There are 4 protein chains.
Amino acid sequence: MTTSSRRLRSDAVRNRERVLAAAEDEFAEQGIEASVSDIARRAGVAKGTVFSHFATKEDLIVAVVANHLAELKEVAERLGKAPDPGAALLEFLTVAGDRRRQRDLTFLMSASADDATVTEIRNRLHADVTTLVDRARAAGAIRHDITGTDVFLLICAPVHVVENLPGAPSDLWLRYLAIIFDGLRPEGASPLPRPAPDWS
Amino acid sequence: MTTSSRRLRSDAVRNRERVLAAAEDEFAEQGIEASVSDIARRAGVAKGTVFSHFATKEDLIVAVVANHLAELKEVAERLGKAPDPGAALLEFLTVAGDRRRQRDLTFLMSASADDATVTEIRNRLHADVTTLVDRARAAGAIRHDITGTDVFLLICAPVHVVENLPGAPSDLWLRYLAIIFDGLRPEGASPLPRPAPDWS
Amino acid sequence: MTTSSRRLRSDAVRNRERVLAAAEDEFAEQGIEASVSDIARRAGVAKGTVFSHFATKEDLIVAVVANHLAELKEVAERLGKAPDPGAALLEFLTVAGDRRRQRDLTFLMSASADDATVTEIRNRLHADVTTLVDRARAAGAIRHDITGTDVFLLICAPVHVVENLPGAPSDLWLRYLAIIFDGLRPEGASPLPRPAPDWS
Amino acid sequence: MTTSSRRLRSDAVRNRERVLAAAEDEFAEQGIEASVSDIARRAGVAKGTVFSHFATKEDLIVAVVANHLAELKEVAERLGKAPDPGAALLEFLTVAGDRRRQRDLTFLMSASADDATVTEIRNRLHADVTTLVDRARAAGAIRHDITGTDVFLLICAPVHVVENLPGAPSDLWLRYLAIIFDGLRPEGASPLPRPAPDWS
DNA sequence: AATGAATGAGTATTCATTCAT
DNA sequence: GATGAATGAATACTCATTCAT
């Protein structure tokens with residue numbers, strides 16, 4: 001019994017993960033209109049199984065987003081201990097941008113913005129990014145008036161820029177990361193017209 | 001006869017414009033999934049009337065997008081003759097960003113990207129932006145390796161940034177425009193890792 | 001006034017006929033689902049004009065059918081005086097079949113079966129066909145137990161047969177007219193299992 | 001498990017058949033414009049259920065037609081082994097005519113003519129009819145120049161004839177079958193003006 | 001009498017969600 | 001827990017008909 005229930009449980013966990021992975025792929029390819037049927041087919045399970053793990057499509061979206069943010073948080077956490085703070089910040093933005101480029105899931109954010117789980121992991125990511133920024137600022141790598149929230153908000157910008165150019169080389173976004181990062185540097189910084197926003 | 005046919009036509013034109021305006025609002029609020037029924041209700045006409053002016057939902061999207069791009073093009077054209085090229089470029093980005101902030105219709109772009117009308121007006125806008133950028137570069141207001149296409153792609157970035165922060169002050173985006181514009185300035189420019197993209 | 005009202009009236013008559021002709025063509029090509037808009041376009045008039053002549057689509061169908069039957073009636077009437085009654089009957093079936101082949105409007109019959117005008121012209125056609133049959137019978141060209149109603153009902157059969165063979169030669173139906181007409185001949189006639197129907 | 005999945009499947013099969021039967025009835029009564037909603041209501045299922053069994057209305061039409069042709073093919077096949085070839089052919093035409101009389105689905109044929117399944121079953125039916133005809137011809141029951149294709153095309157003619165007489169006795173069509181069959185007999189056959197068509 | 005813009009009921013089809021097995 | 005058949009609300013689009021001009 002214990003053995004068989006373990007079996008069942010581990011099978012279930014496996015299915016859950018398959019569904020999550022399939023959902024990520026499907027959403028990235030089809031956008032938010034990706035259908036639960038297609039996700040189930042891609043995961044190799046029945047439609048009902050998807051709903052037994054995620055009560056609604058929105059719950060599934062939340063899980064995908066949380067997953068995504070958690071991965072990013074790990075990266076930020078690790079880089080928070082790197083020796084060169086300026087290089088660490090740039091690397092974080094590079095890794096985050098690359099993930100974003102591989103799978104655009106931003107449209108899922110708004111659908112999951114109100115969820116408690118997502119909010120919590122977002123806050124934890126924000127905290128780690130703030131650490132990266134504080135260290136970079138202290139090291140003189142970025143201007144003094146840039147906050148963690150600023151950088152947190154800027155994460156997706158470089159990739160978003162190139163999405164308006166269909167057929168662009170896949171790494172073109174690095175050009176815009178460089179431009180934007182230059183805007184964060186202390187050299188030649190002009191005063192900013194609005195104060196940094198609060199993170200509430 | 002002339003009078004009455006003019007009357008008729010002007011009423012029809014009025015309805016057409018009401019539908020267009022309602023579509024803009026509805027798309028901005030609901031995204032691309034805004035239904036034609038809702039648009040019709042908002043415009044105060046019957047569903048059939050929408051289709052008598054725009055044969056398909058896609059045609060309606062194209063009209064909305066073309067409208068928007070045309071307005072932007074007019075702004076760019078006008079600023080192309082302004083005395084201070086650097087200030088003109090910044091003002092263009094300010095005006096364009098503000099429009100974008102009031103109504104986010106970017107998701108309509110991809111749905112209408114293949115349309116001939118949209119492509120043409122996009123190309124004309126691109127040409128005018130390129131003029132602005134060329135003049136700003138010649139005046140030393142921006143770095144030498146920035147092209148019109150670069151700026152064209154960057155137009156929406158500052159507003160996109162703040163969309164990840166619900167409840168942000170409505171003009172917070174100006175902060176990020178300043179940061180990004182600083183990245184375009186010649187002072188303290190670091191070499192860009194990728195060449196500027198072609199506009200095809 | 002008299003002159004101008006005459007003008008108007010004759011223009012109206014002309015429009016009416018254009019609409020009728022366009023409706024015949026359009027129905028023959030598209031079937032009963034042919035739209036009033038398409039008929040109007042084909043006639044070169046506005047949709048409203050069609051409805052000012054024929055209050056409903058059904059009225060238009062009735063007019064087309066009545067027209068068709070009237071033409072057929074004229075043929076039958078003329079052949080009722082021909083010298084060779086057997087040849088006259090065969091010729092009637094040939095002419096009628098040919099019309100039917102050029103424009104299949106049978107599907108309109110059921111939509112107009114209850115109409116008084118159609119019923120009347122149908123009855124008149126039936127009477128003329130009966131004359132043709134009576135004379136042919138008297139001349140020994142067809143079997144004694146065949147009635148006018150029998151032949152009236154058989155008119156469309158030969159063409160209907162070939163409609164199940166797409167790509168058939170356009171005159172293949174004559175083969176089946178010959179076969180069916182052979183069935184009407186006195187030679188080798190077997191007794192018929194059911195009495196001839198009444199025409200009510 | 002086996003039992004429960006069988007149960008499930010058998011319920012589904014039952015629904016599928018209900019839908020098919022309802023579609024047959026509804027199409028026979030309303031013509032090809034019969035709506036899927038009405039079919040669903042008649043079958044006692046929800047609209048979505050119809051589409052879960054038949055992805056499109058056309059698929060449903062194909063299934064109805066294929067069903068019908070398959071039934072007819074079985075009859076032809078069985079009669080191909082009957083002792084009296086002439087009587088067998090007449091019986092086939094009688095059975096086929098009777099089915100046709102009960103439900104006129106000919107208009108569905110053209111809507112499904114391009115379908116591979118329908119084409120195949122049609123060809124098989126054609127082959128069986130050809131066998132019937134060949135045997136009848138060899139037995140001297142029909143004229144030598146009549147082919148299987150001729151008879152295949154003539155199947156619906158007798159019933160079609162009486163459809164122009166609303167309120168006709170339900171077996172009146174047998175009269176016209178007798179007449180047409182007489183036309184196929186060797187006695188008093190006149191030469192046919194066109195060659196028999198190919199079956200391609 | 002002619003016009004054509006407006007109407008709104010009707011059509012096929014999709015899809016998240018439920019539930020009996 | 002897994003299945004997939006059934007559901008029905010929602011969507012884009014069509015078209016006969018009306019009516020102000």
Side-chain angles (χ1 to χ4, degrees), chain A residues 5 7-9 11-13 15-16 33-40 45-58 60, chain B residues 1 3-9 11-16 33-40 45-58 60, chain C residues 4-5 7-9 11-13 15-16 33-40 45-58 60, chain D residues 1 3-16 33-40 45-58 60:
Chain A
S5 72
R7 266 272 178 80
L8 273 176
R9 196 166 291 168
D11 277 11
V13 167
N15 270 348
R16 205 191 116 98
E33 299 188 50
S35 79
V36 176
S37 294
D38 286 350
I39 290 169
V45 302
K47 214 188 327 190
T49 303
V50 174
F51 282 99
S52 83
H53 285 290
F54 307 94
T56 66
K57 188 181 177 178
E58 215 184 307
L60 178 53
Chain B
M1 258 216 194
T3 314
S4 76
S5 71
R6 253 186 219 148
R7 271 266 176 86
L8 210 56
R9 194 164 288 169
D11 273 15
V13 167
R14 196 179 187 175
N15 266 348
R16 204 191 116 102
E33 298 190 54
S35 82
V36 176
S37 296
D38 287 348
I39 290 169
V45 301
K47 214 185 325 189
T49 303
V50 175
F51 285 103
S52 87
H53 285 288
F54 306 95
T56 66
K57 185 179 176 179
E58 215 184 309
L60 179 54
Chain C
S4 80
S5 70
R7 265 273 178 79
L8 273 175
R9 198 167 290 169
D11 277 10
V13 167
N15 269 348
R16 205 192 116 99
E33 300 189 49
S35 80
V36 176
S37 293
D38 285 350
I39 291 169
V45 303
K47 215 188 327 190
T49 304
V50 175
F51 283 100
S52 84
H53 286 290
F54 308 94
T56 66
K57 186 180 179 179
E58 214 184 309
L60 178 54
Chain D
M1 260 217 192
T3 315
S4 77
S5 72
R6 255 183 216 149
R7 274 265 175 88
L8 209 55
R9 195 164 287 171
S10 79
D11 273 16
V13 166
R14 197 180 188 174
N15 266 350
R16 202 192 117 101
E33 298 189 54
S35 81
V36 176
S37 296
D38 286 348
I39 291 169
V45 301
K47 213 183 330 185
T49 304
V50 175
F51 284 102
S52 88
H53 286 289
F54 306 95
T56 66
K57 185 179 177 178
E58 214 184 309
L60 179 54

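Note: hydrogens, waters and symmetry copies are ignored here, and every other heavy atom, side chains too, is used. If you're wondering where the values come from, they're calculated on a predicted model, not measured in any experiment. Throughout, a chain's letter reflects where its sequence line sits, starting with A, and its residues are numbered from 1.
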* To the nearest Å, give me how far apart CG (A/D11) and C1' (F/dT3) are. => 15 Å

* **Atom-to-atom span, NE2 of A/H53 to P of E/dT17 - whole angstrom** => 16 Å

* To do: Look up atom OG in A/S35 and atom NZ in A/K47, then write down how far apart they are to the nearest 0.5 Å.
  => 8.0 Å

* To do: Let me know the distance between CZ of B/F54 and C1' of F/dC13, rounded to the nearest Å.
  => 16 Å

* Asked: Any side-chain heavy atom of B/V36 sitting closer than 4.5 Å to one from B/F54?
  -> no

* Contact letters for nucleotides 10-16 of chain E, in which S counts primed atoms plus P, OP1 and OP2 and B counts the base, heavy atoms under 4.0 Å -> BSSBB-B

* Asked: Which string of ( ) [ ] | and . matches DNA chain F, if you list each base 5' to 3' and count Watson-Crick or G-U pairs only when both distances are under 3.5 Å?
  -> .||||||||||||||||||||

* Closest non-hydrogen atom pair between B/E33 and A/E33, with its separation -> OE2-CG, 3.7 Å

* Asked: Within the structure, does a side-chain N or O atom of A/S52 lie under 4.0 Å from either OP1 or OP2 of F/dA2?
  -> yes

* Ignoring hydrogens and angles, tell me if any N or O in the side chain of B/K57 forms a donor-acceptor pair with the backbone of B/A34 under 3.5 Å. => yes

* State whether B/T49 places a side-chain N or O below 4.0 Å from either non-bridging phosphate oxygen (OP1 or OP2) of E/dT7. => yes

* Taking only residues two or more places apart in sequence, or in another chain, which ones meet C/E58 in a side chain to side chain contact (heavy atoms under 4.5 Å, CB included)? -> C/T56

* **Test side chain to side chain contact (heavy atoms under 4.5 Å, CB included) applied to A/N15 - qualifying residues, sequence neighbours left out** => A/R18, A/V45, A/T49, A/H53

* Closest nucleotide of DNA chain F for D/V50 versus for A/A46: which of these residues is on the 5' side? -> A/A46

* To do: Please check the phosphate of E/dA6 (OP1 and OP2 only) for any side-chain N or O of B/N15 closer than 4.0 Å.
  => yes

